[in-house]
Amino acid sequence: MLTELKERFRKALTGLVDEPAELLDLIRGSQDPKFGDYQANLAMPLGKRLRRPPREVAAEIIKRLEIDDLCAPPEIAGPGFINLRINDQWLARRLSAAVAEPRLDVAPVASRRTFVIDYSAPNVAKPMHVGHIRSTVIGDALCRVLRFLGHRAISDNHIGDWGTQFGMILYGYKHFLDVEAYRRNPVQELARLYRHVRRLMDEEDNNPNVTTTDSVQAAVLAETARLHAGDPENRRLWEQFLPHCEDEIQRVYSRLGVTFDHTLGESFYEERLAPVVDDLLRRGIARESDGAICIFLEGHKTPMIVRKRDGAFLYGTTDLATIQYRLETWRPDAILYVVDHRQSLHFQQLFAAARLLGYKNIELQHVSFGTVLGDDGRPFKTRSGDTVGLEGLLDEAVRRALEIVSANDDAKPNGPELSTEQRRQIAETVGIAAIKYADLSQNRTSDYIFSYDKMLAMTGNTATYMQYAYARVRSIFAKGGVDIEQLRASGSPIVLNSAAERALAIEILRFSEALDMTVADYRPNQLTSYLFDLANRFSTFFEQCPVLRADTDELRQSRLLLCDLTARTIQKGLELLGIRVVEKM
RNA sequence: GCGCCUGUAGCUCAGGGGAUAGAGCAACGGUUUCCUAAACCGUAGGUCGCAGGUUCGAUUCCUGCCAGGCGUACCA
């Protein structure tokens, strides 16, 4: 709809201005229905440029505008706003097209780009906790939306499988292994060892009497160094641990419904690190300083270190090697890093270094997000035992969902409709959705206050609300015995006689605007916000407009079509956020 | 010290050069012989951190200040 409007305005502006793109961005949805559906705010700045009164400019634009088939005659208001009201006939035609069309009237992008999306990336030696959700869920959603819009999106989970965490479990394995427990459940025992060593190291931090030479920390670093140096035993153990660690994270991913095209962790780049540093040195991009190999960057006081004095490489080195590999392998137009904002300095340096290496014509983007904070507003600490594990959080969400599902089902006027198994499945879907939505609905740049109640909320602006709207539509179809295929093929006209129907219709047709906004700044909360508006419009419609008992057959058909479009849009929108719907709830 | 981010209703947060700043939760009032009340309708609640500046117009952009967070050479 917006695209169409812009096109019309573009034509009207030719001859008046040379570069209309910026002005066309000033066409947007109206804030208030009384100003119509869309408003064009371009007459004011244009009036300034042409040194003419804005209202006069607005009048001229309207005169040039060929828009009769699309809108009611545009109105000029205030200092020069052009208010636009879409024709009901045009809306109805557009909706009918969407009925017959699997993409819901969303056109694929004209120029397809290739994205590599780097997200989730947990350290696999330790259990995932609540802090891992954001990257995972946001990255997955961006991937899905980009693909739906017609882009090529390659997801790559850059897991931490080569760092100090492995030194920790190597050390733990050699000193504190419970052989029987390891045999029974290796994943659990490795997690225990990790936590145990973590605790020992934390205790050392608070104990001034420990000397650096005999400390656990030093021993852990030594184990890590031996692994990197190719020590056969550590290597063998690492190879033995890794599959267990991957099973562990895989279990969480399958429950979350998240998948990756590739899982190329740090270890994958091991052999590329030395050549990267050599190359940097040879080309004079990096130089030795204080024993370390450094890249000094303009505007940065501290250099990016690519090789430590002791010869070890750092994650900056790995990241450079990774960029190199991705460019060679996929030739992407963009690489997105969905990573905590605390690493923004690292990415600034990394991107600057990449440019020095001559990697141009590629969008390198740190899609950063805020930190998870505790209830007290302090940063949420990930160490020690009292952190919230990711699986525990999922379980709690599902438990709460099950309570609500059951209570609601019990309270149905004609008695319960759901079996125990159905209730359980619905609770799983609704509970996980609640957690994902809590993350996705927030502007990613702000910090996140961790709160069980907020994260697990199932009333208000939540995934549950959308799922509920969807289930109500399905319920209407079930009660009415409607054959959906037949309905869609019927060619019945859509009529928009009431404000509620019209508002719903407009909202349905704005789906593609929401997707464009989501991708523009890589912000899924644009999509959640749209879906909430849509579900809201539907709820109002549901209250005010009887569907099965509509006054006429024509109206009934029309409303059924609106219901179907709403349900499909919600389903698709949620799907793009990685959230599933349920038929009943 | 320097750099990045944040400051909007009691709480949690959207929004963003344009018309009277929005939502959820909490509070208060109303709605169920009617397709799911996980809902709907309404009331109340804000000096958009403070001060300047640019502009026809600033909560939005710029500068300074205040407050908080994060980061800041060999962790990731």
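Remember, predicted model here, so these are calculated numbers, not experimental data. Residue numbers begin at 1 in each chain, while the letters A, B, ... track the order of the sequences.
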Pairing annotation in dot-bracket form, given for RNA chain B with Watson-Crick or G-U pairs under 3.5 Å and | for cross-strand partners: (((((((..((((....[...)))).(((((.......))))).....(((((..]....))))))))))))....
Met466(A) and Tyr437(A): CA distance, side-chain angles, deciding distance, side chain to side chain contact (heavy atoms under 4.5 Å, CB included) verdict: CA-CA 11 Å; Met466(A) 275 66 102; Tyr437(A) 192 89; 3.1 Å; yes
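rA37(B) and rU32(B) have their P atoms separated by 12 Å, given to the nearest Å. Comparing the C1' positions of rC41(B) and rG18(B) gives an interatomic distance of 31 Å, to the nearest angstrom. Taking atom C1' in both rG64(B) and rC70(B), one finds a spacing of 23 Å when rounded to whole Å. Across rG46(B) and rC5(B), the matching C1' atoms stand 24 Å from one another, rounded to whole Å. Straight-line distance between the C1' atoms of rC13(B) and rU6(B): roughly 13 Å, to the nearest whole Å.
Using a 4.0 Å heavy-atom cutoff across all strands shown, Thr540(A) reaches sugar-phosphate atoms only and no base atom. No engagement by Asp32(A) is indicated, since no non-hydrogen atom pair under 4.0 Å with the nucleic acid exists. Here Lys454(A) lies in heavy-atom contact (under 4.0 Å) with sugar-phosphate atoms only. Using a 4.0 Å heavy-atom distance criterion, Met44(A) is classed as a base contact. Looking at heavy-atom distances under 4.0 Å, Phe296(A) makes contact with a base.
Between the side chain of Asn443(A) and the base of rA14(B), no donor-acceptor pair under 3.5 Å is found. Between the side chain of Tyr468(A) and the base of rA38(B) there is no donor-acceptor pair of N/O atoms closer than 3.5 Å. Contact of Gln467(A) with rA38(B) (side chain to base): no donor-acceptor pair of N or O atoms is detected under 3.5 Å.
Across Tyr119(A), Tyr337(A), Tyr269(A), a single residue satisfies ring-ring contact (aromatic ring centres under 6.0 Å, His included) together with His158(A), and that is Tyr269(A).
Judged by ring centres under 5.5 Å apart and planes tilted less than 30 degrees, Phe35(A) stacks against the six-membered base ring of rA19(B).
Side chains of Arg423(A) and Asp409(A) form a contact here, defined as non-hydrogen atoms less than 4.5 Å apart.
Taking 4.0 angstrom as the limit, Arg28(A) places a side-chain polar atom (N or O) nearer than this to OP1 or OP2 of rG18(B).
His366(A) and Tyr522(A) have their aromatic ring centers separated by at least 6.0 angstrom.
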